[in-house]
Amino acid sequence: MSESANQDHFLKRTIEEDIAGGRWGAPGDRSVVRTRFPPEPNGFLHIGHAKSICLNFGLAEQFGGSCNLRFDDTNPVKEDKLFVESIVRDVRWLGFRWPGASESDPMEGVRFASDYFQLMHDCAVDLIKKGLAYVDDQTPEQIREGRGAPGVPGTNSPFRDRPIEESLELFEKMVAGEFPEGSRVLRAKIDMASPNFNMRDPVMYRIVKMAHHRTGDAWRVYPMYDWAHGLEDSVEGITHSICTLEFEDHRPLYDWFIKSINEGRSEPLHHPQQIEFARLNLGYTVMSKRKLKQLVDEKRVEGWDDPRMPTIAGYRRRGYTPESVRSFCRDIGVSRFNSLIDPGRLENACREHLNAVAPRRMAVLKPLKVVIENFPEGETRHIEAVNNPEDASAGVRKVPFTRELYIERDDFMEDPPKKFFRLGPGREVRLRYACLLTCIEAVKDASGEVVELRCTYDPETWGGKNPPDGRKVKGTLHWVSAVHGIKAEVRNYDRLFSIEDPNHTPKGAPETWSFLDAINPDSLEVISGAVLEPALAQDPASSNEPAWPDGIRRVQFERHGYYCIDSASTPERPVWNRTVSLKDSWAKIAQKG
RNA sequence: UCGGGAUUGGUGUAAUUGGCAGCACGACUGAUUCUGGUUCAGUUAGUCCAGGUUCGAGUCCUGGAUCCCGAGCCA
């Protein structure tokens, strides 16, 4: 199934109608569609951005148009080159390319709002000359007070009707850096009585005397979002400027700016259509940059790429594949309703992809030693095991089997209930790919804890054969040879928050409650004594593992889940991250009792 | 208080613009299985509320409820 196919939503329909009506070119010409993804380089991208990225790039792809990656870098106070690099990396990792993108230079073809600062300036001068913008000398407090309140109209600034020449002169002095920060702004002259606050003479430029990461000290004034964004879109020939719902009230201003610039122009600027959609909300996490930054700054997580973070970098380190993120974004659809998506949707998308492509390996997370009394000491037999039952072309590998093995501690119970199909005293199970095994004795230490199982195997079932007498076993256990197994640290992650919506104070919570109080204390489980089958210490190519485009090695630990090697892992001290667990119907049964 | 937007099974999302409320995910049941995985088959459950128009309303009209956004020199 093609990822871009059979997606039908209101955005696509709107574009279809525009094309049919010839709004942007010859009627029926689908290739005219131009979109853009316009992040501000002031933080890391998160899964909500992924939705926007998939929408913008996806729509362009579906129509045969194009989508720009453009940084909305209009505020040097908050922005940083570091974020530009991480954002470019994330968009590329997701698999999207913009016009002019190259594989050798990741920055090639990337656009910046700052590229258009001169044009914005010139258009601002034009508006001043038309009497549609003016320099306001009021303090920020005075401007705020003058703006009025809901239901209460604002009042005109005393500088609103100053002569055009004076505004022109003052604006150029602002640009030249002759005034201190906060002393003056350029405002559009619209309507202080508008019920829409955005139309109450919005600020177009403020004075900021800080070096910009790209333009340096060239500018001492910086454009506000509303003034800048429509022009950026216009210059790039964007047809559909897709943004989130909170910008709905800004649309009249978006249109007013372009309309006002075009007034009296012989060659009017291109006028894009702004369309809003509902941003993504994911359950059991937070999405605001402020809150994510707080988690990082207060060291509640390891960093922006902590595998528990809903950032793209976090999901990447966690082992999610770009395909699964894209698939998720497609599945959840798009509308104007503020929904709260169950994180299980993302997990499922990931399982679906990894089930098809991840090689299977055996890993014992919490080992319990098994001694097979009728298996010769010192002997190693190599058993053939399939790499992926979903994909015969993935081939096979050899797994060493010895007299002493480790099995999962949870796979043994001294006094097992009926529905427990695994090992217990006197019970028989299958060891995956190897043989049938019967437990004859559980050896305990002084405290009464089971430390070792004495077992026997059935030689007639060697190699996975069924016993000649026809007896059946219900359970199959994974195992690792005690002499060949390699030690590793395994990190199992759970949701970062223990309540579905950490953005809202729960009922009955104290006044001082903050979202930090809802952090799940068990979101990270570090298992230091895991034992992995030896193939996991070898070069991936030597055991028929696929080459992952992003270089992250991913496997399924059989009966556990999908795991990837952590970015900080070393051969001496391997660390594996749980991407997502397998579905576990036994856990459900056990829970019910 | 004012302006803008929204509301369809548990969760998301459709419904040719007035004509059998569909799809996906989950949940549940069963079958298959050397992963309690996968796969397959089946079941479950919905139009925010109250009126009205109509042969017929998720869709149109009136009134109400609830939720989201909005008074940055942030985006």
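Residue numbers begin at 1 in each chain, while the letters A, B, ... track the order of the sequences. Nothing here was measured: the structure is a model prediction, and the numbers come from that model.
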So, OP1 or OP2 of B:rC74: does either fall under 4.0 Å of a side-chain N or O from A:Arg206?
yes
Write down the distance separating the P atoms in B:rA24 and B:rC60, rounded off to the nearest Å.
27 Å
Say you pick atom P in B:rG9 and the same atom in B:rU59; how far apart are they, in whole Å?
14 Å
Whether A:Lys289 contacts B:rC74 is assessed here as follows: a side-chain N or O lying under 4.0 Å from the phosphate OP1 or OP2. Is that the case?
no
Please report the distance separating the C1' of B:rC20 from the corresponding atom of B:rC28, rounded so that it comes out in whole Å.
27 Å
Just how far is it from atom NE2 of A:His478 to atom CD1 of A:Ile407, taken to the nearest 0.5 Å?
8.5 Å
Does a side-chain N or O from A:Arg13 land closer than 4.0 Å to OP1 or OP2 of B:rA15, or not?
yes
Would you measure the distance from the P atom in B:rG12 across to the matching atom in B:rU7 and give it in whole Å?
12 Å
What orientation do A:His46 and A:His49 show, parallel under 30°, tilted 30 to 60°, or perpendicular over 60°?
tilted
N/O (side chain, A:His49) to phosphate O (OP1/OP2, B:rA75) under 4.0 Å:
no
Kindly say whether, by distance alone, the side chain of A:Gln556 makes a donor-acceptor pair under 3.5 Å with the base of B:rU35?
yes
Measure from the side chain of A:Asn355, starting at C-beta and using heavy atoms only, and say which of B:rG70, B:rC68, B:rG37 lies closest.
B:rG37
Would you indicate whether A:Lys366, at its atom NZ, is surrounded by more than 12 heavy atoms from other residues, nucleotides or ligands within a distance under 6.0 Å?
no
Are A:Tyr225 and A:Phe247 near enough that their ring centres are under 6.0 Å apart?
yes
The side chain of A:Lys588 lies closest to which of these nucleotides: B:rA27, B:rG26, B:rC34?
B:rA27
Could you write out RNA chain B as a dot-bracket string, with dots for unpaired bases, | for bases paired across to another strand, and Watson-Crick or G-U pairs counted at under 3.5 Å?
.((((((..((((.....[..)))).(((((.......)))))....(((((..]....))))))))))).....
Just wondering, do A:Phe337 and B:rA6 stack (centres under 5.5 Å, planes under 30°)?
no
If you measure from the C1' atom in B:rU32 to the same atom in B:rC40, how many Å do you get, rounded?
8 Å
Is it the case that atom CD in A:Glu181 sees more than 12 heavy atoms from other parts of the structure closer than 6.0 Å?
yes
Between B:rG52 and B:rU16 - C1' atom distance, rounded Å:
27 Å
Is it the case that B:rG36 (base atoms only) and A:Arg422 (side chain only) share a donor and an acceptor within less than 3.5 Å, ignoring hydrogens and angles?
yes
Assess whether one donor atom and one acceptor atom, taken from the side chain of A:Arg351 and the base of B:rU38, lie less than 3.5 Å apart.
no
OP1 or OP2 of B:rU33 versus the side-chain N and O atoms of A:Thr476: is any pair under 4.0 Å?
no
Would A:Arg200 count as a cation-pi partner of A:Phe197, with NZ or CZ less than 6.0 Å from the six-membered ring centre and within 45° of the ring normal?
yes
For A:Phe71, which contact category applies under a 4.0 Å heavy-atom criterion: base, sugar-phosphate, or nothing?
nothing
Rounding to the closest angstrom, what is the interatomic distance between B:rC23 and B:rU43 at atom P?
11 Å
Look at atom CZ of A:Arg162 and say whether more than 12 heavy atoms of other residues, nucleotides or ligands are closer to it than 6.0 Å.
yes
Need to verify one output field. Residue with the more 5' nearest nucleotide on RNA chain B, A:Arg147 or A:Gly464?
A:Gly464
When you measure from the side-chain N and O atoms of A:Lys583 to the phosphate of B:rG26, is any distance below 4.0 Å, counting only OP1 and OP2?
yes
Between B:rG70, B:rC34, B:rA75, spot the one nearest the side chain of A:Tyr225, thanks.
B:rA75
Using the P atom on both, measure B:rA21 against B:rC48 and round to a whole Å.
15 Å
When only distance counts, do a donor and an acceptor, one from the side chain of A:Asp249 and one from the base of B:rG3, lie under 3.5 Å apart?
yes
Could you tell me whether the phosphate oxygens of B:rG3, OP1 or OP2, come under 4.0 Å of any side-chain nitrogen or oxygen in A:Ser194?
no
Less than 3.5 Å between a donor and an acceptor, one on the side chain of A:Glu276 and one on the base of B:rG4, is that the case here?
no
Ring centres under 6.0 angstrom apart (A:His121, A:Phe171):
yes
A:Lys81 atom NZ, over 12 foreign heavy atoms within 6.0 Å:
no
Among B:rG36, B:rG70, B:rG37, the one nearest any side-chain atom of A:Phe197 is B:rG70
